[in-house]
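One is the number of the first residue; the rest follow in order along the sequence. Computed over heavy atoms, backbone and side chain alike; hydrogens, waters and symmetry mates excluded. Just so it is clear, the structure is predicted and the values come from calculations on it, not from any experiment.
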Amino acid sequence: MSHQRSDALNWNELSIEDILELAIADEEEAQEYYRHAAECVGNMHTRRMLLKLSEMERTHAVQLRKELEELHLQREEETGIAD
């Protein structure tokens, strides 16, 4: 969720790995944002919704990590070299 950082990036110089790592960091930041907000609100309905959003962001980060791992494995198979 760090859009200022994204605006300053030169996207042409980033690898897919770089982009996935940035996306994972953004998802983790969003997860923490929603979790913290849930701790700060008094309304139980709002708290449950914020915790649900936090969990969704955690799931996104997990999915992106899997994509990154699959990309690494694919590259290893193609080159025969492990990172």
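Rounding to the nearest 0.5 Å places OG1 of Thr59 at 8.5 Å from CD of Gln31. In this structure, the separation between CG on Asp26 and NE2 on His60 is 12.5 Å, given to the nearest 0.5 Å. For the atom pair CD of Glu69 and CG of Leu20, the computed distance is 12.0 Å after rounding to the nearest 0.5 Å. Taking CD1 from Ile16 and CD from Glu67, the interatomic distance works out to 9.0 Å, rounded to the nearest 0.5 Å.
With sequence neighbours left out, the side-chain contact (heavy atoms from CB on, under 4.5 Å) criterion links Glu17 to Ser15, Leu68, Leu71, His72, Arg75. Contacts of Asn12 classified as side-chain contact (heavy atoms from CB on, under 4.5 Å), with partners at least two apart in sequence or in another chain: Asn10. Residues that satisfy the side-chain contact (heavy atoms from CB on, under 4.5 Å) test with Arg47, not counting sequence neighbours, are Ala38, Val41, Met44, Leu51.
Looking at every heavy atom in both residues, Asp18 comes nearest to Glu13 through OD2-O, 4.3 Å. Residues Glu27 and Leu64 come closest through the heavy atom pair CG-CD1, 3.7 Å.
Ile19 places a side-chain heavy atom less than 4.5 Å from the side chain of Trp11. Within the 4.5 Å cutoff, side-chain heavy atoms of Glu78 are placed close to those of Gln74. Put simply, the side chain of Leu22 reaches to within 4.5 Å of the side chain of Leu14, judged on heavy atoms.
A salt bridge is defined here as a Lys NZ or Arg NE, NH1 or NH2 lying under 4.0 Å from an Asp or Glu carboxylate O, and Lys52 with Glu55 fails to meet this definition. Using a 4.0 Å cut-off between charged nitrogen and carboxylate oxygen, Arg35 and Glu32 count as a salt-bridge pair.
Residues Leu50 and Met56 share a hydrophobic cluster, clusters being chains of Ile/Leu/Val/Met/Phe/Trp/Tyr side chains in contact below 4.5 Å.
A distance-only check finds no donor-acceptor pair linking the side chain of Ser54 to the backbone of Tyr34 [under 3.5 Å].
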